[in-house]
Amino acid sequence: MTAHRVLIALGSNHRQPVFIQWASQRMAVLLRNPRFSPTLWTKDIKGTGRLYMNRLVAGDTLLSVSEIEQVLKQFEVEARRTHDQVTIDLDLMQYDSDRYHLRDWPRPYITKLYDQLP
């Protein structure tokens, strides 16, 4: 089986340090050779005034795109994410050379965190 390089965005607006750590632990088990960016605080892009903590993780997986997206959604359900209380938001940003969530890539925090990946 061929390993695939992935990039996943982690975000939280509720008990942010707790849920970013919780998700980071799951990413460390889910991915081989995980590399984590530092965390970064940002304001909600919808202008609600809520603060988000964000982080990126890059690593390798044997899972397909649909399988990894299913696992990420399962983690969000485990964390009891709701529309307003985003305990954790996990987005597959890149799978090998294919990029996803294209409107998110130009956001300054994505670029900044991407540049800080070890």
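- Contact between A28 and P34 at its shortest, heavy atoms only, is CA-CG, 4.0 Å.
- Scored by the salt bridge (Lys or Arg N to Asp or Glu O under 4.0 Å) test, K43 finds no partners at all (sequence neighbours excluded).
- Atom CG of residue L51 and atom OG1 of residue T42 lie 7.5 Å apart, to the nearest 0.5 angstrom.
- Counting only heavy atoms from C-beta outward, the side chains of L63 and V6 never approach each other to under 4.5 Å.
- At a threshold of 4.5 Å between side-chain heavy atoms, the hydrophobic network of Ile, Leu, Val, Met, Phe, Trp and Tyr places V65 and M93 in two separate groups.
- Looking at residues two or more places apart in sequence or on another chain, you find a side chain to side chain contact (heavy atoms under 4.5 Å, CB included) between Q85 and H14, T82, T87.
- For the pair W41 and P17, the tightest heavy-atom approach, listed with the atom from each and the gap, is CH2-CD, 4.4 Å.
- Cluster annotation: Y52 and I110 are assigned to distinct hydrophobic clusters (Ile/Leu/Val/Met/Phe/Trp/Tyr, side-chain heavy-atom contacts under 4.5 Å, transitive).
- By the side chain to side chain contact (heavy atoms under 4.5 Å, CB included) test, L102 pairs with R99, W105, sequence neighbours left out.
- Between T111 atom OG1 and D104 atom CG the span is 11.0 Å, to the nearest 0.5 Å.
- Without hydrogens or angle criteria, R55 side chain to S37 main chain gives a donor-acceptor distance under 3.5 Å.
- With a 4.5 Å cut-off on side-chain heavy atoms, R5 and D60 count as touching.
- For Q116, the CD atom is densely surrounded, since the number of other residues' heavy atoms within 6.0 Å is greater than 12.
- Counting heavy atoms from C-beta on, the side chains of Y114 and L56 come closer than 4.5 Å.
- In terms of modelled atom types and a separation under 3.5 Å, the side chain of E78 and the main chain of R80 share no donor-acceptor contact.
- Between L113 and L10 the shortest side-chain heavy-atom distance does not fall below 4.5 Å.
- Here the CD1 atom belonging to I68 is positioned 4.0 Å from the CD1 atom belonging to I8, to the nearest 0.5 angstrom.
- Linking ILVMFWY residues whenever their side-chain heavy atoms come closer than 4.5 Å, directly or via other members, leaves L7 and M27 in distinct clusters.
- The nearest pair of heavy atoms linking R103 to P106 is O-CD, 3.4 Å.
- Around the CZ atom of R107, the shell of radius 6.0 Å holds more than 12 heavy atoms that belong to other residues, nucleotides or ligands.
- Considering only heavy atoms from C-beta on, Q16 comes within 4.5 Å of S12 through its side chain.
- Looking only at side-chain heavy atoms (C-beta outward), F75 and I88 stay at 4.5 Å or farther from each other.
- Here H4 contributes atom NE2 and L31 contributes atom CG; the two are 12.5 Å apart, rounded to the nearest 0.5 Å.
- With hydrophobic clusters built from ILVMFWY side chains whose heavy atoms lie under 4.5 angstrom apart, L40 does not share a cluster with M53.
- Residues V77 and L72 do not share a hydrophobic cluster, defined by chaining ILVMFWY side chains whose heavy atoms lie under 4.5 Å apart.
- Side-chain atoms of N13 come within 3.5 Å of backbone N or O of V86 as a donor-acceptor pair.
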